[in-house]
Amino acid sequence: GRRRPTGCQFHCGCRRFSMSVLLPLDWQNASEPRAEEKRRALVELGLLKGEEEEAGGQDVELTAPAVVLQLDSADVAGSVRLLFRALQVLVLNDLELVFWPPEPASRADADFALVQLWPSVARRSLLAARRALSAEVVARQQVDSATAASLLSRMRQHVQQMLDSFCTQAPDGCSSSLDPAALEALSPKQSLVDGVVFVHSSLSVHELPGRGRGLVLREPVAEGEEMLRIPRNALLNIHSALTSRDFGIAARGLLAGGLHAETVTMIFAIFERRRCQALASLAARGTGTEEVTLPAWAALLEKAPSLDMEDHVLTWPREAVEALGAEQLVARVFEAQASLWTLSREVEEAAKRLTSEGARLLGVVDFDELLWARCHFEGRAVEVDIEAPASLRPTGPPDGRPPISERSQWLCWGAGENEVWVECPRRVVCLSPFVDMLNHSSRGACVAPAFHHDRDCLVIATSASLPAGSELCLCYGALQNWELLMYYGFCLTDNPHDRLTLSIATSDEEPDAVSKEVVLRLHDIPTDHALRPAPPPLLTLSSSPPSSPSAAVPVASATGAVAAGGTPSGWSVLGVLPPQLLRCLRVLLAEDVGSIDVDASPGAGGMLELDLRCLDAIGGLLSDLQAAYVPVSEEEPVLPLWWPRYGATVRRFRATQAALLAANLAAAVALRGRLASAEGPP
């Protein structure tokens, strides 16, 4: 790769002496598939020169920095704003990048996009800034660049204060402002005394209203504190299955027989649950368990809800799933159920190929047990990069075997003619004590779980300081509400990552259908469009620690984005609507597709009449979609039999989708009224 810029430039004026510090920012993804689009966004924000963007050509050199920022050593706040402007672009995912205005976007449109996208990229931008600055501080200290290291250290402190403020606010119904004095009134569900797993002394387990069990802080904690440390032998995963004294023979036979590593892990969990239940039953009768040591995951399996108490959407009756109204979610649920039936048959066939000893250990694994395991793993497991233990690693090179990708590793057992080699993922699905009690928040203060190979343990640490009474949360990812419901069994009223797909059907019967299809492809215009919720009022981030009094800084100011004050113009007039939706409808509704300007801002470039028709079409499409999410009243004379158990979740999900559609419909109506009353372009 290219040499990373580390130079400094001095500036001397009549009022101040400052030095410019060059800060290179790497791509967040080593194989960034949207590099060209992100480079264009950086150009439109003024962070890259046009010639630099053009020099990238079609093949962006991902080993080189994505952008090099020139920071002013005398202006920490300004340098932080510059950093955030760049990182907000670099962390964008596909469902966020589609809302960037079409090329060429004006600076005002690009700034407006930053403000609109901030709620969904805030946490990733803050964490990326923290990582980048921490790494650069160490690098500059090593080359004895004192001035640069000083600026970057002050910037890192500034960013950390913003992250602390961000994580202490309470979105998603998260109980982050619990009164420490009231903690005694909550019912502890589990003792934290554990001789194997390290649990921070400030943590306690409580039942939280509407959230189930959670981990709550009795004392303040600082950023970087390790809250949980779970050693390798306390993790239930494919490695512990293969090395199990009780189940290892069956696990090795199933894996060598072609079952996926996660499937074998699920079967191991079923086996361990049976074993722990049997031991608990014997202990209750006081017979023969004095010398038996239960595994670290015994309590986790014991407290897992049985299938008849499981509220995972895979266990719902068909009518309840269909009542959700989301075709994408309904299809995914039915596909997952069908896939599980197929898996059940595969497990049955794999069991027939086991040795007699392996088959005896396995027993019969039926569909209901696999369904229980799938629900439990989807809602409570974590996936981390773990190297196999020494007992499963090959002692020599894989002679004669094909090369494997960096995402895989060889597992090996046996010797001589009985030696077995199996390719498995490096990222390992694990059930872990206590980690399963970390609830979700889009502002979760914990960094992603990571396995430390030098210490042979899984570590959960904080990225921000938290006051006493806070709930310790993870962020499960930038998941839409249907994904949260599908995999975790809940949805959020205010989810910045929620999206609803609007598909525009094209007709082959139109005389110019082929021409329109060519134009759509030529301009990279999709026919599936993601709708997003209305952004909340501009959030605030404190520039000082939460414990000290200070004025809050508006997000748009703190990140360098320009607030949408006054009358919006250009593509900003769309508000929450996706720009690609208007471009798509322009092509499909145009009488002469060759005469339109798909990239003109709304109402401009002779597009006014066509855009009014497009907005009418958008209004009709959204109104039709709203019919699927009409609220279900509990005062109906006859409610379905499933309603008492699943009705609240159905009502909540439908309400979130209806609100998202209402926000987009309101934006379309408002823009149509504005364009209709305008004499010319806005």
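- For the pair Ile238 and Val429, the minimum side-chain heavy-atom distance is 4.5 Å or more.
- If you take CG on Leu411 and CG on Leu255, they are separated by 6.5 Å, rounding to the nearest 0.5 Å.
- Here the straight-line distance linking atom CD of Glu310 with atom OG1 of Thr315 works out to 6.0 Å at 0.5 Å rounding.
- Heavy atoms of other residues, nucleotides or ligands lying less than 6.0 angstrom from CH2 of Trp421 number more than 12.
- Here CG of Asn93 is found 12.5 Å from CD of Gln28. Values are rounded to the nearest 0.5 Å.
- In this structure the side chain of Leu235 never reaches within 4.5 angstrom of the side chain of Leu431, judged on heavy atoms.
- The shortest side-chain heavy-atom distance between Phe434 and Ile230 does not fall under the 4.5 Å cut-off.
- The main-chain N or O of Arg131 is never found under 3.5 Å from a side-chain atom of Ser134 such that the two would form a donor-acceptor pair.
- Side-chain N or O atoms of Arg353 include one that pairs as donor or acceptor with a backbone N or O of Gly257 at under 3.5 Å.
- With contacts defined as side-chain heavy-atom distances shorter than 4.5 Å, the pair Cys473/Arg211 qualifies.
- Listed by chain and residue number, Tyr646 satisfy the ring pair (Phe, Tyr, Trp, His ring centres under 6.0 Å) test with Trp316 (two or more places apart in sequence, or in another chain).
- Of the possible polar contacts, none joining the Glu357 side chain to the Ala250 backbone as a donor-acceptor pair under 3.5 Å is found.
- Dense packing is recorded around CD of Glu226, with more than 12 heavy atoms of other residues, nucleotides or ligands lying under 6.0 Å away.
- Rounding to the nearest 0.5 angstrom, the gap separating the CD atom in Glu471 from the CG atom in Leu203 is 11.0 Å.
- Remark: side-chain polar atoms of Asp456 are not paired, donor with acceptor, to backbone N or O of Arg232 under 3.5 angstrom.
- Side-chain contact between Pro533 and Asn495 is absent, with no heavy-atom pair separated by less than 4.5 Å.
- Between the side chain of His312 and the backbone N or O of Gly379 there is no donor-acceptor pair closer than 3.5 Å.
- Formation of a donor-acceptor pair under 3.5 Å by the Glu302 side chain with backbone atoms of Gln277 is not found in this model.
- In this structure, NE2 on His200 lies 8.5 Å from CG on Leu217, to the nearest 0.5 angstrom.
- In this structure, Arg123 is not positioned above the aromatic face of Phe166 in the sense of NZ or CZ being under 6.0 Å from the six-membered ring centre and within 45° of the axis.
- The shortest distance between side-chain heavy atoms of Leu324 and Leu485 falls below 4.5 Å.
- The aromatic rings of Tyr476 and His440 sit tilted relative to each other, their planes meeting at an angle between 30° and 60°.
- Atoms OG and NE2, on Ser306 and His376 in that order, are 12.0 Å from each other to the nearest 0.5 Å.
- Side-chain contact between Glu96 and Arg124 is present, with heavy atoms from C-beta onward closer than 4.5 Å.
- Nearest heavy atoms, Thr462 versus Arg130: O-NH2, 4.1 Å.
- Contact annotation: the side chain of Arg213 approaches that of Lys303 to within less than 4.5 Å [non-hydrogen atoms, C-beta and beyond].
- Side chain of Asp385 to main chain of Phe451: no donor-acceptor pair is present (N/O by atom type, distance under 3.5 Å, no hydrogens or angles).
- Using a distance-only test at 3.5 Å, with no hydrogens or angles considered, a donor-acceptor pair links the side chain of Gln409 to the main chain of Ala388.
- A distance-only check finds no donor-acceptor pair linking the side chain of Ser244 to the backbone of Ser240 [under 3.5 Å].
- Residues satisfying the ring pair (Phe, Tyr, Trp, His ring centres under 6.0 Å) criterion with Trp642, sequence neighbours excluded, are absent altogether.
- Minimum interatomic distance between Leu362 and Leu354 (heavy atoms only, all atoms of both residues): CD2-CD1, 3.8 Å.
- Of all non-hydrogen atoms in Ser125 and Val91, the two that sit nearest each other are OG-CG2, 3.7 Å.
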